[in-house]
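All values derive from a computational prediction rather than experimental measurement. Protein chains get the first letters and strands the later ones, always in sequence-line order, with residue 1 at the start of each.
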Number of protein chains: 2
Amino acid sequence: MRISEGVEWGIHCCTLLAALPPDRTLPSARLAEYHGVPPAYLAKHLQALSRAGLVESVPGPRGGYRLARSAAQITVLDVVEAIEGNEPAFECTEIRQRGPIAQAPECYPRKCGVARTMWAAEAAWQAALRAQTIDDLVAGVIEEAPPAALTAGVEWLRQAAR
Amino acid sequence: MRISEGVEWGIHCCTLLAALPPDRTLPSARLAEYHGVPPAYLAKHLQALSRAGLVESVPGPRGGYRLARSAAQITVLDVVEAIEGNEPAFECTEIRQRGPIAQAPECYPRKCGVARTMWAAEAAWQAALRAQTIDDLVAGVIEEAPPAALTAGVEWLRQAAR
DNA sequence: GTCCCTATACTCGGATAGCAAGTGTCCGAGTATAGGCGG
DNA sequence: CCGCCTATACTCGGACACTTGCTATCCGAGTATAGGGAC
């Protein structure tokens, strides 16, 4: 069980886009440059964020990406599911209904207890991610980031934004 | 993010081994037959459970597997980590320290806020799995399983146990 | 009849192929801009 | 001088290779048993 590297990139990109002035956009190449990651591969993940409706894309020169809604209305879970997909991590194959002692399917009205346990844990995981918004993360960055990085970041963003 | 199929098999195997009379063993091939899964592949996962110290293996004829400790002392998390490994699902690559505005490493005393959020969610997931023991699952099966399957299962186990 | 030895059959354990999904990259479709041209 | 047109350059979006890890399988090392033979 491993979470894709793209999730980390996607969250960081959203936090940076949250710091963008309204009605401005930031191209994919600039986002990659800011984070020091491969531009082509980051573009792939940004497409996923766009498909999920978390960011808007503007084509052409002076185009780029911006958040589709307020940073306070985008949860970390939104980003994770946009990148990783929203299918459950645990898939029950109903092996209790296989093998020599299996009964007819209608004898198993409730879901398998193993699956219920795994899904309950997954729900707890999702709840924790849903409780945290991109806005919360931005606040944390402003709170904790090195002051020099903050000023440099703001200046960098001012020049890179379109 | 996808949980290996072996996790499901491992948990079901532990619940079946919990129903085994004390000091009896069940061979890998019988476990596979009971659950209707490929024997050779299940054997691989049982090795992982053995390495993790959750089950004991007895070699030779009349050999097989049995739980290494009480079913009440084996949590679902134990089984999941035995199969999937105990490394965190989210790995922080510290991309905040990359790119043009990165500062010296000593300027980042705390862990990245993104990583803290992801790890907190993972901790909630683990806590949910740690709260559930194999014994709890067995109780659930006895409670909910079709009566015919229960009696057939006990009889099957009586003949298959060594 | 009893004890010992040997061959057997059955178990686990690790080493070995095959395949799907994540990782990484590229090029084409579309658009706002900038410059040139005509009025 | 002003407006329009065209070529350009830059953006996103989807299609195409490569690598890692999960899926699946097999064979070898080790051991308790069962049978046969010797005493």
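Along DNA chain D, the nucleotide nearest A/P61 and the nucleotide nearest B/P39 are compared for position; the residue whose nucleotide lies closer to the 5' end is A/P61. Comparing B/A29 and A/P38 against DNA chain C, the residue whose closest nucleotide sits nearer the 5' end is B/A29.
Between A/L49 atom CG and D/dC12 atom P there is a gap of 13 Å when expressed in whole angstrom units. Atom-to-atom, CG of A/L46 to P of C/dT25 comes out at 15 Å; the value is rounded to the nearest Å. Distance B/H45 NE2 to C/dG14 P: 15 Å, rounded to the nearest Å. Distance A/M1 CE to C/dA21 C1': 17 Å, rounded to the nearest Å. For A/I3 and D/dT20, the CD1 to P distance is 21 Å, given to the nearest whole Å. A/K44 places its NZ atom 10 Å from the C1' atom of C/dT25, with the value rounded to the nearest Å. Separating the CZ atom of A/R2 from the P atom of D/dC22 is a distance of 9 Å, rounded to the nearest angstrom. Atom CD in A/E91 sits roughly 11 Å away from atom P in C/dA21 (whole-Å rounding).
Remark: of the listed residues B/D135, B/L67, B/I11, B/L67 is the sole one forming a side-chain contact (heavy atoms from CB on, under 4.5 Å) with B/I74. Applying side-chain contact (heavy atoms from CB on, under 4.5 Å) to B/V138 and the options B/L16, B/T15, B/T133 leaves one that passes, B/T15.
Residue A/R66 places none of its side-chain N or O atoms closer than 4.0 Å to OP1 or OP2 of D/dC12. Considering only side-chain N and O atoms, A/R51 lies under 4.0 angstrom from the phosphate OP1 or OP2 of D/dG14. For the OP1/OP2 pair of C/dT11 and a distance below 4.0 Å, the side-chain nitrogens and oxygens of B/S57 include no atom meeting the criterion. Remark: A/Y41 is not in phosphate contact with C/dT25, judged by side-chain N or O atoms under 4.0 Å from OP1 or OP2. The shortest distance between the side-chain N/O atoms of B/S4 and the OP1/OP2 oxygens of D/dT23 is below 4.0 Å. For the OP1/OP2 pair of D/dG13 and a distance below 4.0 Å, the side-chain nitrogens and oxygens of A/S50 include at least one atom meeting the criterion. Between A/Q47 and D/dG14, a side-chain N or O to OP1/OP2 separation shorter than 4.0 Å is present. OP1 or OP2 of D/dC10 has not a single side-chain nitrogen or oxygen of A/R30 nearer than 4.0 Å. Within the structure, every side-chain polar atom (N or O) of B/S28 is placed at least 4.0 Å from both OP1 and OP2 of C/dT11.
At distances below 3.5 Å, at least one donor-acceptor pair connects side-chain atoms of A/E84 with backbone N or O atoms of A/S4. The backbone N or O of A/K111 lies less than 3.5 Å from a partner atom in the side chain of A/R116, making a donor-acceptor pair.
Taking only side-chain atoms of B/A40, from C-beta outward, the nucleotide of C/dC12, D/dA32, D/dC26 with the closest atom is D/dC26. Of the candidate nucleotides C/dT16, C/dT33, D/dT33, C/dT33 has the atom nearest to the side chain of A/R62. Closest to the side chain of A/W9, from the set D/dG13, C/dC12, C/dG24, is C/dG24. Between C/dT11, D/dT33, C/dT31, one nucleotide has an atom nearer to the side chain of A/P59 than all others, and that is C/dT31.
Of all non-hydrogen atoms in B/Q132 and A/T117, the two that sit nearest each other are NE2-OG1, 3.5 Å.
Counting distance only, with no hydrogens placed and no angle test, the side-chain atoms of A/E5 and the base atoms of C/dG22 include no donor-acceptor pair under 3.5 Å.
With hydrogens and angles left out, the side-chain atoms of A/T93 and B/E8 include a donor and acceptor closer than 3.5 Å.
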